[in-house]
Amino acid sequence: MSLVDRVRALLGDDAVDVAATHDGVPRVAPASPDAVALLLGTAREEGWHVRIEGAGSWLPTDAPVDLALTTRRLDHVPAIEPQDLAATVEAGIGCDLLRQQLADRGTWLALDPPGLAGRSLGSVVATATAGPLRQGFGSVRDHLLGVTFVTGDGRLVQSGGRVMKNVAGYDLTKLAAGGFGAFGVIVLVHLRLRALPRADQTLVLEGSREELAQVSEDIAAAAVQPAAHELMSPALARRERWLLAVRFAGSAALVSAEETALRAATGGGGRFTPLRADEAHALWMRAAESFATRPVTFRIGGLPDSSDELLDLLQHQVGDEWISASPGVGAIRWGGETTVDRLRRLRRSLAGLEVPLTLERASWPVRAAVGHFGAYREGVGPLVAGLRRTFDPAEAFVVAVEGAE
Amino acid sequence: MTRDGRSLIAALAGIVGARHVRTALPERITYARDGLPTHRRVPGVVVLPGSRDEVIAIVRLLAALGVPFVPRGAGTGLSGGALADADAVLVVLTRLNRILRIDPRNHLAVVEPGVVNVRLSAAAAPDGLLYSPDPSSQTACTIGGNVAENAGGPHCLKYGVTATHVLALEVVLADGQVVELGSLSGEPWGPDLVGLFVGSEGNFGIATRITVRLLPIPRAVRTLLADFAALRTAGEAVSAVIASGIVPAALEMMDQSCIRAVEDSVYAAGYPRDAAAVLLLELDGAQESAVAADAETIAGILHAHGARSVTVAADAKQRERLWQGRKKAFGAMGRLSRDLVVQDAVVPRSALPDVLETIARIAGAYGLTVSNVFHAGDGNLHPNISFDGRVPGLKARVDEASGEIMAACIAAGGTITGEHGVGLDKLRYMPLLFDGDALAAMRAVRRVFDPEERVNPGKVVPVHACREWVGSVNAERGTRNARADVRSDFRVPTSALET
Ligand SMILES: Cc1cc2nc3c(=O)[nH]c(=O)nc-3n(C[C@H](O)[C@H](O)[C@H](O)COP(=O)(O)OP(=O)(O)OC[C@H]3O[C@@H](n4cnc5c(N)ncnc54)[C@H](O)[C@@H]3O)c2cc1C
């Protein structure tokens with residue numbers, strides 16, 4: 001029996017879309033977590049290689065495999081609990097749809113990942129791609145109460161739960177978040193929500209990178225506590241010069257007090273321009289979506305006091321056309337065109353500064369050569385290899401965790 | 001003592017000096033419990049290394065000999081996690097107590113695992129910074145123990161539990177290999193192994209160096225005490241506060257039994273003795289006007305939801321007093337009876353009113369005194385059972401009541417522990433929460449770090465409940481906790497090493 005026939009027999013005719021992929025790989029869309037488990041159990045038996053896809057809008061869907069597993073039909077929202085500020089959602093739901101459903105119930109997921117608005121939630125979790133709101137609300141893992149994932153040999157593993165604190169057993173949720181799908185297909189996510197902020201204000205300041213870096217330092221020194229504090233390159237912000245965008249979200253009293261503090265800390269007066277809600281929305285959306293259109297995106301994790309030096313290094317080695325940096329936490333996201341050699345050299349230079357580089361998106365040849373991760377610290381490589389063997393014994397998932405170097 | 005035992009002790013003494021190896025029974029007995037009175041295990045040997053190099057040497061020695069070992073911090077844990085059997089070596093880390101670095105510019109600190117929690121905030125205070133996780137035991141517990149348990153505390157409601165604040169770790173694995181997890185920025189070099197290690201209860205190795213995030217000391221603080229005539233009303237007020245969108249730094253609840261215990265003790269905080277419950281709330285932030293306005297909004301919500309009165313601490317002294325009562329509540333309750341079991345479970349916040357009533361019913365049915373003092377904002381309950389372990393049959397009743405309370409919390413959509421861990425005490429509840437695949441996955445992950453399951457054996461995962469895991473290397477070896485009797489362990493185990 002052919003692979004397609006086998007899958008149809010397992011999951012039903014409508015689970016396979018043969019024409020859908022550009023590389024002729026059959027795309028399978030299981031309709032439930034159990035169906036995912038069934039499919040992967042069979043993949044293990046048959047020795048099929050599988051790539052995991054969400055909406056297909058972030059990571060290029062080009063890994064060489066026997067079948068593509070998309071979470072597209074896992075798009076239910078079993079529970080939104082406004083009174084508990086928690087939600088349970090299937091991983092294939094688009095972030096935009098989820099955002100709308102949450103807002104209708106007065107709640108908010110304080111994550112603004114890069115990529116198109118319809119990106120699947122599962123892809124955000126699997127790649128741990130946080131956006132500017134990481135300044136105020138932390139990285140992706142800080143929003144997760146638990147996940148359920150399906151391992152490479154078709155086991156459904158639940159981890160965490162739907163309550164705010166949970167230390168029952170080891171925290172496998174942390175492996176799923178940012179594991180790039182190497183440990184399993186994330187099928188269900190329990191989220192920590194916030195009440196929709198009563199006030200939400202973005203203010204911007206244009207200037208040279210050096211000027212804005214100084215303003216950023218003043219903001220940090222004055223203990224202003226923004227939800228986002230992002231330095232954007234001119235191309236990304238679609239401005240003449242670099243742009244510093246500061247966002248406050250919370251109660252009306254908080255937002256107004258923070259705005260006053262921001263002005264006081266940065267020389268008073270009208271240096272920062274407040275944006276209207278629609279303008280702010282457009283700015284943040286554009287910045288997020290721009291990264292989905294560059295061939296390569298990576299993030300690096302530096303320290304606040306090294307932001308400037310790291311931006312110089314990036315400019316020198318790979319250019320600085322598409323940059324979004326959170327100077328308050330030291331995180332920088334880069335997008336653009338570059339080569340395998342440059343990426344490798346950059347990762348080595350950064351490793352010398354104790355700064356990790358995570359390749360977020362690139363074509364398969366680049367991912368395979370460079371790896372999402374690399375330059376592991378002492379002893380980490382064997383642990384990662386052991387974990388992969390544990391969750392994907394037959395190496396069903398085709399994921400470029402490490403590069404070929 | 002066996003010859004093997006004697007040569008092990010000699011080798012340990014060669015590493016740390018004879019002074020820091022404890023072999024006499026009375027000395028070892030002092031390590032037979034942690035903060036939970038219902039479990040007791042006398043370790044075979046106790047060793048207290050003074051540096052990371054000594055830890056590495058000890059672990060390599062034990063690996064070569066195939067001897068199990070248990071890391072231990074201050075021993076304040078509440079799940080029997082830091083107890084070692086007679087055939088194991090207890091590695092006590094309290095001498096590794098140096099704060100290695102505070103970096104005020106980047107808001108981080110590097111510490112050894114034996115640093116007592118509260119010392120770090122004190123050391124960071126001159127730079128205007130603090131270490132946010134503040135377990136009530138913070139004057140005694142260690143950062144290493146906090147990492148292993150993923151400890152929480154009142155202020156974790158707004159700022160997150162220990163996991164949120166740990167950036168990097170140096171870990172000595174069971175075979176003596178040293179690994180570096182995480183980075184100073186918190187962005188991992190690969191999958192999030194720091195996140196995985198935090199909360200692993202000593203099963204993945206010994207953390208010898210810990211890098212944590214520090215936060216600015218809030219410039220503005222308001223502490224509010226609200227009192228209620230019914231427990232249910234207080235529980236409902238918690239949900240109303242959370243729904244307001246204002247996130248208090250802390251939102252704690254104490255019931256009448258706890259209030260009275262505190263008021264009868266030296267920690268009397270001025271809580272109204274006739275209240276069925278009080279809520280202690282704190283709002284903080286960088287901007288005075290915002291905190292003041294938010295405090296007013298919250299006071300309004302509390303009044304609207306049935307608070308008889310809302311008091312705002314007038315000054316730092318009164319604030320301190322209100323908190324002292326909360327933080328010392330366990331100590332105050334300890335005076336109610338000879339033994340106190342501090343339970344730990346989490347429920348969805350909206351389930352608090354119902355679950356509190358259920359707990360009271362269970363206590364009544366078993367004829368036990370249960371007092372509640374807990375992190376209400378997170379739904380993290382601490383029903384505390386006072387009893388006298390010498391009364392025949394009473395401990396069994398406490399165990400059964402605890403089991404029913406756990407079952408009620410699980411039925412409400414909750415979990416069996418929010419911050420104290422599984423250790424030995426909660427092994428029996430793990431299969432109520434996780435199926436065989438999830439438990440087997442946990443065990444398989446543990447074996448990646450410690451293939452022989454030699455570090456802190458018999459804790460966290462009930463091995464008999466694990467389904468077979470094909471992916472794991474040799475899943476059938478070693479079933480320690482299947483042998484361990486988690487229900488009755490008042491017996492001193494006989495040890496081959498006992499003198
Ligand atoms: C009165 C009282 C109040 C408490 N309040 C709170 C509270 O508010 N919140 C809270 O979360 N907990 C609380 N606790 C529980 C306890 O204090 C915490 O679990 C704390 O984190 C334990 O720290 P410790 O140093 O005492 O660790 P121990 O009890 O010595 O050990 C705990 C676990 O950590 C492991 N361990 C210790 N050090 C290391 C290391 N360096 N590397 C690897 N593993 C290690 C041990 O093997 C053990 O499994 C309270 C306890 C008491 C007695």
Side-chain angles (χ1 to χ4, degrees), chain A residues 81-86 138 141-142 153 155-159 161-172 174-175 177-179 195-198 223-225 251 253-254 257-258 261 301-305 330-331 354 356 358 373 375-380 383-384 386-387 389-391 393, chain B residues 105-106 149-150 152 160-161 164 177-180 183-187 189-193 195-196 199-200 216 219 239 242-243 245-246 286-287 289-290 293-294 346-350 378-380 413-419 421-422 430 433-434 437-438 441-442 444-445 448 460 470-472:
Chain A
E81 322 269 11
Q83 70 283 18
D84 292 321
L85 293 179
R141 67 178 202 162
D142 298 322
D153 53 351
R155 291 168 191 249
L156 262 171
V157 175
Q158 29 140 194
S159 145
R162 61 188 182 91
V163 283
M164 293 300 128
K165 284 164 85 177
N166 199 342
V167 295
Y170 314 130
D171 193 354
L172 304 185
K174 297 294 198 299
L175 263 190
L196 256 185
R198 306 293 199 262
V224 176
Q225 291 176 343
S251 68
L254 178 76
E258 290 287 0
L303 290 173
D305 74 352
E354 295 293 318
T358 303
F373 305 121
Y376 284 151
R377 301 292 85 179
E378 195 178 330
V380 169
L383 290 176
V384 175
L387 290 166
R389 268 198 308 277
T390 296
F391 288 104
Chain B
R105 172 67 184 89
N106 292 306
E149 299 288 8
N150 193 9
V161 291
T164 315
Q177 203 199 146
V178 180
V179 298
E180 286 179 38
S183 75
L184 295 183
S185 66
E187 174 75 28
W189 289 94
D192 183 7
L193 301 184
L196 186 62
S200 61
R219 295 177 179 190
S239 286
I242 295 299
I246 297 171
Q287 317 305 339
S289 62
D294 285 351
V346 192
V347 295
R349 294 176 272 224
S350 58
D378 289 320
N380 186 183
T415 186
I416 56 171
T417 171
E419 53 183 28
V422 175
M430 287 290 276
L433 207 56
F434 295 108
D437 273 339
M442 287 182 202
V445 167
V448 170
V460 185
V470 184
S472 76

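The sequence lines fix the lettering, A, B, ..., with proteins before strands; numbering per chain opens at 1.
Within the 4.5 angstrom heavy-atom criterion, only side-chain atoms of B:N380, from C-beta onward, approach chain A. Contacts of A:A223 with chain B are made by both backbone and side-chain atoms, with heavy-atom separations under 4.5 Å. For chain A, the nearby parts of B:A286 are the backbone and the side chain; heavy atoms of each come within less than 4.5 Å. Looking at A:L196, there are no atoms closer than 4.5 Å to chain B (heavy atoms on both sides), in backbone or side chain. In this structure, chain A has heavy atoms under 4.5 Å from both the backbone and the side chain of B:E180. Contacts between B:L193 and chain A at a heavy-atom distance below 4.5 Å involve the side chain alone, from C-beta outward. Contacts of B:V346 with chain A are made by both backbone and side-chain atoms, with heavy-atom separations under 4.5 Å. For B:M430, the part sitting under 4.5 Å from any heavy atom of chain A is the side chain, from C-beta outward, and nothing else.
Most heavy-atom pairs under 4.5 Å with chain A, from the set B:S239, B:G186, B:S200, B:A243: that is B:S200. Each of A:S159, A:G179, A:P82, A:S251 has some count of heavy-atom pairs under 4.5 Å with chain B, and the biggest count is that of A:S251. Put simply, of B:G199, B:A438, B:G418, the one with the most heavy-atom pairs under 4.5 Å next to chain A is B:G418. The greatest number of non-hydrogen atom pairs below 4.5 Å with chain B, out of A:L254, A:D142, A:L85, A:V224, is found for A:L85. Chosen from A:D171, A:L175, A:L383, A:L156, the residue pairing most often with chain B at heavy-atom distances under 4.5 Å is A:L383. Among A:G169, A:A331, A:G138, the residue making the largest number of heavy-atom pairs under 4.5 Å with chain B is A:G169. Counting heavy-atom pairs closer than 4.5 Å to chain B, the top-ranked of the candidates A:A375, A:G178, A:A86 is A:A375. Most heavy-atom pairs under 4.5 Å with chain B, from the set A:A195, A:G386, A:A257, A:P197: that is A:A257. Taking B:I246, B:N150, B:D378 one by one and counting their heavy-atom pairs under 4.5 Å with chain A, the maximum is reached by B:D378.
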*For A:E378 and B:V179, run side chain to side chain contact (heavy atoms under 4.5 Å, CB included): C-alpha distance rounded to whole Å, both residues' side-chain angles, the deciding distance at 0.1 Å, then the answer.*
CA-CA 5 Å; A:E378 195 178 330; B:V179 298; 6.0 Å; no
*A:Q83 vs B:I242, side chain to side chain contact (heavy atoms under 4.5 Å, CB included): CA-CA, chis, key distance, verdict*: CA-CA 8 Å; A:Q83 70 283 18; B:I242 295 299; over 6 Å; no
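Residues B:G152 and A:K165 approach most closely at CA-NZ, 4.3 Å, considering heavy atoms. Closest heavy-atom contact between A:V163 and B:G413: CG1-O, 3.6 Å. Counting all heavy atoms, side chain and backbone alike, B:D294 lies closest to A:A253 at OD1-CB, 4.1 Å. Taking all atoms of both residues into account, the shortest heavy-atom contact from A:G301 to B:S185 is O-OG, 3.0 Å. Of all non-hydrogen atoms in A:A168 and B:T415, the two that sit nearest each other are CB-OG1, 3.6 Å.
Taking the side chain as every heavy atom from C-beta outward, A:F373 and B:P191 approach each other to under 4.5 Å. A:P304 places a side-chain heavy atom less than 4.5 Å from the side chain of B:R105. With contacts defined as side-chain heavy-atom distances shorter than 4.5 Å, the pair A:L387/B:L196 qualifies. Put simply, the side chain of B:W189 does not reach to within 4.5 Å of the side chain of A:V380, judged on heavy atoms. Side-chain atoms of B:E149 and A:V167, non-hydrogen and from C-beta on, never get closer than 4.5 Å to each other.
Looking at B:N106, its side chain does come within 3.5 Å of a backbone N or O of A:D305 through a donor-acceptor pair. At distances below 3.5 Å, at least one donor-acceptor pair connects side-chain atoms of A:D84 with backbone N or O atoms of B:S350.
Between B:L433 atom CG and A:N166 atom CG the span is 6.5 Å, to the nearest 0.5 Å. Distance check: A:E354 CD to B:S183 OG gives 8.5 Å after rounding to the nearest 0.5 Å. The OG1 atom of B:T164 lies 6.5 Å from the CZ atom of A:R141; values are rounded to the nearest 0.5 Å. Rounded to the nearest 0.5 angstrom, B:E187 CD and A:T358 OG1 are separated by 4.0 Å.
Between A:K174 and B:D192 there is no salt bridge, since none of the side-chain N atoms of the basic residue sits less than 4.0 Å from a carboxylate O of the acidic one.
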